[in-house]
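Since we're looking at a predicted model, the values are computed, not measured. Labels below follow one simple rule: chain letters A, B, ... track the order of the sequence lines, proteins then strands, and each chain is numbered from 1.
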Number of protein chains: 2
Amino acid sequence: MKTLDVFKALSNETRLKILNGLREPEKNFPPQDEGDFHLDGVCVSSIQEAVGLSQSTVSGYLATLERAGLVRSKRMGPWTYYKRNEENIRRVLKALEEDL
Amino acid sequence: MKTLDVFKALSNETRLKILNGLREPEKNFPPQDEGDFHLDGVCVSSIQEAVGLSQSTVSGYLATLERAGLVRSKRMGPWTYYKRNEENIRRVLKALEEDL
DNA sequence: TTGATATATCGAGAAACCTCGATTACCTAC
DNA sequence: GTAGGTAATCGAGGTTTCTCGATATATCAA
């Protein structure tokens, strides 16, 4: 979880939009059949539909955000749900305050 | 001064190092003939010597940091001095706290 | 086991970024 | 105006990022 990787993960309009959108899933993503937005997160296809890029691109972006520690994923049946990693995000902000 | 541009500017090890180094110029850059480190800033050649990249690259990096609002420049005679734009940096941090 | 659906990974072409040396512009002193 | 030094811009080659479609993997149902 290096600072540089966090900045790189955030250096893309779509990834920023996803991370931001995940703060209020019901407002920013179409509903999903199963899985609670807040408890479980948002599934890839719902995110894909919202951002309008290909499935592979969105899946890769989510992996990037996860590697940077900004989101966490949970597999439930055939779906993977992504939600913000609030604890880590707060840690990143603290680091920036001292590091920037 | 868009959030995305700030992240892009910070997505480079050298630019991060420059911005950080400018917090304590006398500790991180070789002395310069004229110009006070804190009052005026650090000149390009001093920064260049410290980071060890070409003059054109460093000049470009400084321009990037300035476009992102993270540093400010002042021309004094043949030299251009760069210093941190603390006010803007604080503003960026505030924005991140709400935006991230 | 076969089929259907969700997600992840792979390979490739286009765009952006990194970095350099060369050139240009700027400033000062003669 | 010429010369010398500082900084900014330009052009180019190498690397990374973006984004896609195709393929592979995972899960569940029949």
Side-chain angles (χ1 to χ4, degrees), chain A residues 2 4-19 22 29-37 40-68 70-83, chain B residues 2 4-19 22 29-37 40-68 70-83:
Chain A
K2 279 181 52 197
L4 185 59
D5 293 325
V6 174
F7 286 136
K8 281 187 179 176
L10 296 171
S11 297
N12 175 281
E13 190 112 46
T14 303
R15 285 192 299 263
L16 267 184
K17 197 181 299 183
I18 292 173
L19 187 62
L22 285 175
F29 301 101
Q32 52 197 5
D33 294 352
E34 317 217 355
D36 179 81
F37 267 158
D40 306 315
V42 185
C43 71
V44 178
S45 24
S46 179
I47 297 174
Q48 187 207 337
E49 196 176 337
V51 306
L53 292 177
S54 77
Q55 186 269 324
S56 60
T57 296
V58 173
S59 175
Y61 280 179
L62 289 167
T64 298
L65 287 171
E66 184 164 31
R67 270 195 307 275
L70 297 166
V71 303
R72 57 172 72 248
S73 69
K74 169 163 64 164
R75 184 99 200 196
M76 283 174 64
W79 299 283
T80 307
Y81 295 94
Y82 286 89
K83 61 195 291 196
Chain B
K2 278 180 53 196
L4 185 59
D5 293 325
V6 173
F7 285 135
K8 281 189 179 174
L10 296 171
S11 298
N12 176 280
E13 190 111 46
T14 303
R15 284 193 299 263
L16 267 182
K17 197 181 299 183
I18 292 173
L19 187 62
L22 285 174
F29 300 101
Q32 52 196 5
D33 295 351
E34 318 216 354
D36 179 79
F37 268 158
D40 304 316
V42 185
C43 71
V44 177
S45 23
S46 179
I47 297 175
Q48 188 207 337
E49 197 176 335
V51 306
L53 291 178
S54 76
Q55 186 268 325
S56 59
T57 298
V58 173
S59 175
Y61 280 179
L62 290 167
T64 298
L65 287 171
E66 184 165 31
R67 271 195 307 275
L70 297 166
V71 303
R72 58 171 71 248
S73 71
K74 168 163 64 164
R75 184 100 199 194
M76 282 173 65
W79 298 284
T80 307
Y81 296 94
Y82 285 89
K83 62 193 292 197

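B:Phe29 and B:Ile18 make their closest contact through CZ-O, 4.3 Å (heavy atoms, listed as atom of the first residue, atom of the second, distance). Heavy atoms only, all atoms of each residue included: B:Glu34 and B:Tyr81 are closest at O-OH, 3.0 Å. Closest approach of B:Val42 to B:Ile47, counting heavy atoms only: CG1-CG1, 3.6 Å.
Straight-line distance from the CH2 atom of A:Trp79 to the P atom of C:dA8: 14 Å, rounded to whole Å. B:Asp33 places its CG atom 19 Å from the P atom of C:dC27, with the value rounded to the nearest Å. Computed from coordinates, the B:Leu10 CG to C:dC18 C1' distance equals 17 Å when rounded to whole Å. The interatomic distance linking B:Arg67 (CZ) with C:dC17 (C1') rounds to 12 Å, in whole Å. Computed from coordinates, the B:Tyr82 OH to D:dA7 C1' distance equals 8 Å when rounded to whole Å. Summarising the geometry, the separation between NZ on A:Lys8 and C1' on D:dC18 is reported as 14 Å, rounded to the nearest angstrom. Atom-to-atom, CD of B:Glu49 to C1' of D:dA7 comes out at 16 Å; the value is rounded to the nearest Å. Rounded to a whole Å, the CD atom of A:Gln48 is 13 Å from the C1' atom of C:dA8.
Rounding to the nearest 0.5 Å gives a distance of 12.0 Å between CZ of A:Phe7 and CG of B:Asn12.
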N/O contacts under 3.5 Å, protein versus nucleotides 27-30 of chain D?
none

Give me, pair by pair, the N or O atoms of the protein and of nucleotides 19-25 of chain D that are less than 3.5 Å apart, along with how far apart they are.
from   : atom 1 : to      : atom 2 : distance (Å)
D:dT19 : OP2    : A:Tyr61 : OH     : 2.2
D:dC20 : OP2    : A:Ser54 : N      : 2.7
D:dC20 : OP2    : A:Ser54 : OG     : 3.1
D:dC20 : OP2    : A:Thr57 : OG1    : 3.0
D:dG21 : O6     : A:Ser56 : OG     : 2.8

TODO: Let me see the working for A:Leu62 and A:Tyr82 under side-chain contact (heavy atoms from CB on, under 4.5 Å), right down to the final yes or no.
DONE: CA-CA 8 Å; A:Leu62 289 167; A:Tyr82 286 89; 3.6 Å; yes
| query | Do A:Ser73 and A:Glu66 pass the side-chain hydrogen bond (donor to acceptor under 3.5 Å, both in side chains) test, and can you show the C-alpha distance, the side-chain angles, and the key distance before you say yes or no? | reply | CA-CA 8 Å; A:Ser73 69; A:Glu66 184 164 31; 3.0 Å; yes
Practice problem: Starting from the C-alpha separation in whole Å, work towards a yes-or-no answer on side-chain contact (heavy atoms from CB on, under 4.5 Å) for B:Lys83 and B:Arg72. | Solution: CA-CA 6 Å; B:Lys83 62 193 292 197; B:Arg72 58 171 71 248; 3.7 Å; yes
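For A:Ser59, the listed nucleotide lying nearest its side chain is C:dT9; candidates were C:dT9, D:dA8, C:dC17.
Pairs of residues two or more places apart, or lying in two chains, that qualify as salt bridge (Lys or Arg N to Asp or Glu O under 4.0 Å) and include a residue from residues 40-65 of chain A are A:Asp40-A:Lys74.
The closest side-chain donor-acceptor pair between B:Thr57 and B:Ser54 falls under 3.5 angstrom.
Nucleic acid contact class of B:Tyr81 (heavy atoms, under 4.0 Å, all strands): none.
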